[in-house]
Trainee: 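One structure, as structure tokens, below. Some questions next.
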Amino acid sequence: MWESLLEDPGEGQGAGAHMISTARVPADKPVRIAFSLDNASDDAPPEDAIPLVFPELEQHLQPLPPCHDSLESMEVFKQHCQIAEEYHEVKKEIALLEERKKELLAKLDQAEKEKLDAAQLAREFEALTEENRTLKLAQSQCVEQLEKLRIQYQKRQGSS
């Protein structure tokens, strides 16, 4: 698919040229190409060549260092840094809002549980109130019956 090679430095390109080859990479994967014209070692990975301006930002979102000779490159770098800073702030705000959401959901859960508990307590109160009324009625009927029995007993005692 995409494969290119520069000529070997021994074939007339001069001492500063390097061979660059790109492997076949799917279109949806980010590709980073780093190169240098000095004779530095090629052992260091490309990620080490680009300092992390925002360490908490994912590598593929890091602003690339500008070309200091180009005013446009410097402006693009500044804009990218501002966007990266805004992105970081938005991520922090999202994290805070998600934490607040968890807290509110926990409070809502607790309120619903308390509401169910209150409804259960209200039902129990109604049942106990009804039982209390029934027992008071039964007690008053028993007191009346006892009084009638005493009167009858006293009448029998008096007549015998």
Side-chain angles (χ1 to χ4, degrees), residues 1-140:
M1 186 177 188
W2 297 95
E3 198 165 322
S4 66
L5 297 175
L6 291 179
E7 293 179 15
D8 186 55
E11 294 181 28
Q13 285 296 321
H18 294 280
M19 182 170 24
I20 299 174
S21 87
T22 56
R24 296 174 191 263
V25 178
D28 64 332
K29 300 288 183 192
V31 176
R32 177 168 301 194
I33 300 173
F35 62 92
S36 171
L37 297 178
D38 62 5
N39 287 330
S41 170
D42 289 334
D43 294 340
E47 287 76 22
D48 290 347
I50 300 170
L52 298 180
V53 179
F54 298 92
E56 65 282 342
L57 199 59
E58 298 150 25
Q59 180 68 34
H60 70 279
L61 297 176
Q62 290 288 325
L64 298 176
C67 175
H68 295 286
D69 297 338
S70 168
L71 192 57
E72 182 181 8
S73 176
M74 296 295 285
E75 284 301 314
V76 168
F77 178 73
K78 284 180 187 176
Q79 289 173 351
H80 194 169
C81 287
Q82 289 172 340
I83 291 169
E85 188 69 40
E86 290 171 13
Y87 176 78
H88 177 66
E89 292 301 317
V90 168
K91 281 187 78 168
K92 280 185 0 187
E93 188 173 344
I94 287 171
L96 290 173
L97 290 172
E98 285 176 347
E99 187 60 35
R100 179 72 175 138
K101 177 184 172 184
K102 285 181 189 175
E103 291 170 6
L104 291 174
L105 285 173
K107 282 184 179 180
L108 179 63
D109 239 9
Q110 183 64 29
E112 287 176 353
K113 184 176 182 254
E114 289 171 1
K115 184 178 176 182
L116 290 175
D117 289 347
Q120 178 64 28
L121 289 173
R123 285 192 298 275
E124 287 178 23
F125 178 78
E126 287 298 320
L128 291 173
T129 301
E130 180 59 29
E131 184 179 354
N132 190 23
R133 188 189 66 74
T134 304
L135 290 172
K136 283 183 178 180
L137 180 62
Q139 182 205 18
S140 68

Trainee: Apply salt bridge (charged side-chain N to carboxylate O under 4.0 Å, His left out) to the pair E89 and K92, showing each step before the final yes or no.
Mentor: CA-CA 5 Å; E89 292 301 317; K92 280 185 0 187; 3.6 Å; yes

Trainee: Tell me if the CD atom of E58 is crowded by more than 12 foreign heavy atoms within 6.0 Å.
Mentor: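 Counting other residues, nucleotides and ligands, CD of E58 exceeds 12 neighbours.
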
Trainee: Quick check for you: to the nearest 0.5 Å, what is the distance between N132 atom CG and L137 atom CG?
Mentor: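 So the CG of N132 and the CG of L137 are separated by 11.5 Å.
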
Trainee: Please check if the number of heavy atoms outside Q120 that lie under 6.0 Å from its CD is greater than 12.
Mentor: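 Atom CD in Q120 is crowded, with more than 12 foreign heavy atoms closer than 6.0 Å.
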
Trainee: Locate the shortest heavy-atom distance separating C67 from S73; write the atom from each residue and the value.
Mentor: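 Looks like N-OG, 2.7 Å.
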
Trainee: Rounded to the nearest 0.5 Å, how far does CG of D117 lie from CD of E114?
Mentor: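 CG of D117 is found 7.5 Å from CD of E114.
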
Trainee: Between H68 (side chain) and M74 (backbone), is there a donor-acceptor pair under 3.5 Å?
Mentor: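 Judged by distance alone, no pair lies under 3.5 Å.
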
Trainee: So, Q79 versus E75: side-chain donor-acceptor pair below 3.5 Å or not?
Mentor: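 Looking only at side-chain atoms, E75 and Q79 do not form any donor-acceptor pair under 3.5 Å.
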
Trainee: To the nearest 0.5 Å, what is the distance between CZ (R123) and CD (E126)?
Mentor: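 The CZ atom of R123 sits 11.0 Å away from the CD atom of E126.
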
Trainee: Taking all non-hydrogen atoms of both residues into account, name the closest pair between L64 and F77 and its distance.
Mentor: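 Closest approach of L64 to F77: O-CD1, 3.0 Å.
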
Trainee: So E130 and R133, salt bridge (charged side-chain N to carboxylate O under 4.0 Å, His left out) or not? Walk me through it.
Mentor: CA-CA 5 Å; E130 180 59 29; R133 188 189 66 74; 2.7 Å; yes

Trainee: To the nearest 0.5 Å, tell me how far L104 CG sits from K101 NZ.
Mentor: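 Between atom CG of L104 and atom NZ of K101 there are 10.5 Å.
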
Trainee: Using the salt bridge (charged side-chain N to carboxylate O under 4.0 Å, His left out) criterion, which residues pair with E103? Sequence neighbours excluded.
Mentor: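 Partners of E103 by the salt bridge (charged side-chain N to carboxylate O under 4.0 Å, His left out) criterion, ordered by chain and then number, come out as R100.
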
Trainee: Between D109 and E112, is any pair of side-chain heavy atoms under 4.5 Å apart?
Mentor: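 Of all side-chain heavy-atom pairs linking E112 with D109, at least one is under 4.5 Å.
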
